[in-house]
Every structure is written in C-alpha cells, then in structure tokens.
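Following: one structure in structure tokens, then a few remarks.
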Amino acid sequence: MARQRYVVCRADALPEGKGESFEVAGHRVALFNVGGSFYAIEDRCSHADAPMADGHVCEAGRRVACPWHGAEFDLRTGEALTPPACEGIAAYPTQVDGDEVVIEI
Ligand code: FES
C-alpha cells in the first residue's frame, strides 16, 4: 500500500527534547523534536506496550529510552538497541514543510 502524507502538528508546538503522542490515520505515533529535527515512531514499546512519547530522549545518539523499563530505540529506524525490547517498532519518514510537521504512513 502506498504511503500517504499527514500533517501532525505545527513545528513550533513541540519543544526541543520532548515527545508527544498523536493519533494519525489510525496509528498511535510518538513524535519527537531532537535539536530541531523531528522523528516519528510507533507510540508503543515492543516489550510491554509503554507509550514511547513519554520516553527519555538522548540527543547525541538519536535514541529514545522507554519510560517503563528503559529499552532504547533508534529514532530514525525504530530498531531496538537495548534489552528488554528485542523487536523493533515502526518509524515513519518525517519532514518539516513550511511550519508544519508532516509524516508518511
Ligand atoms: S515496556 Fe518498554 S522496555 Fe518494557
């Protein structure tokens, strides 16, 4: 199925270093602002379904740590980097278009 573009929010609505959860086309998406760059991943940890938007962002590594048990995920790919998660989660192409954050699902 072809990907579609969706406007998620205004770029200035999400402070740097923070994540926020959005419902986009039936998907729970965690959107992060990391030093002015935006990343979108599935808002569900593969270990026990924690909300990843509440996770701790590590700017240097472009990683986010799960808020419940600390598994880290790559914000660019959704790859699980540390236990206890062993499966990756979805990552969505993200760009800023004008003053809006757009993702592809
Ligand atoms: S729910 Fe994320 S590491 Fe356990």
Side-chain angles (χ1 to χ4, degrees):
M1 196 164 120
R3 289 181 177 265
Q4 292 193 13
R5 301 174 84 237
Y6 297 92
V7 174
V8 180
C9 66
R10 289 178 52 92
D12 61 6
L14 186 58
E16 288 192 17
K18 296 292 181 190
E20 189 168 334
S21 182
F22 295 89
E23 183 84 18
V24 183
H27 299 262
R28 265 178 51 203
V29 174
L31 182 70
F32 297 91
N33 178 348
V34 184
S37 297
F38 290 84
Y39 300 91
I41 59 173
E42 189 176 354
D43 191 21
R44 182 194 63 82
C45 180
S46 60
H47 176 239
D49 295 344
M52 293 304 300
D54 294 341
H56 176 73
V57 172
C58 171
E59 288 195 28
R62 298 287 190 255
R63 300 168 166 220
V64 60
C66 174
W68 288 0
H69 312 113
E72 292 185 353
F73 293 86
D74 189 316
L75 285 168
R76 296 161 292 195
T77 63
E79 178 186 0
L81 301 172
T82 63
C86 47
E87 288 182 25
I89 57 179
Y92 307 103
T94 304
Q95 63 185 115
V96 176
D97 189 354
D99 58 0
E100 297 174 324
V101 181
V102 177
I103 69 170
E104 293 180 25
I105 292 182

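Residue numbers start at 1 and run along the sequence shown. Both ligands and their constituent atoms are indexed starting at 1 by order of listing.
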Polar side-chain atom of R28 near backbone of D43 as donor-acceptor pair, under 3.5 Å: yes
P51 and R44, any side-chain heavy atoms less than 4.5 Å apart: no
T94 vs L31 side-chain heavy atoms within contact, under 4.5 Å: yes
May I ask whether F22 and I105 are part of the same hydrophobic cluster, defined by side-chain heavy atoms of I, L, V, M, F, W, Y residues being less than 4.5 angstrom apart, directly or through others? yes
Tell me the protein N, O or S atoms under 2.8 Å from atom 4 (Fe) of ligand 1, in chain and number order. H47 ND1, H69 ND1
Atom CZ of R62 and atom CD of E72: how far apart are they, to the nearest 0.5 Å? 14.5 Å
A quick test of your reading: do over 12 heavy atoms of other residues, nucleotides or ligands sit less than 6.0 Å from CD of Q95? yes
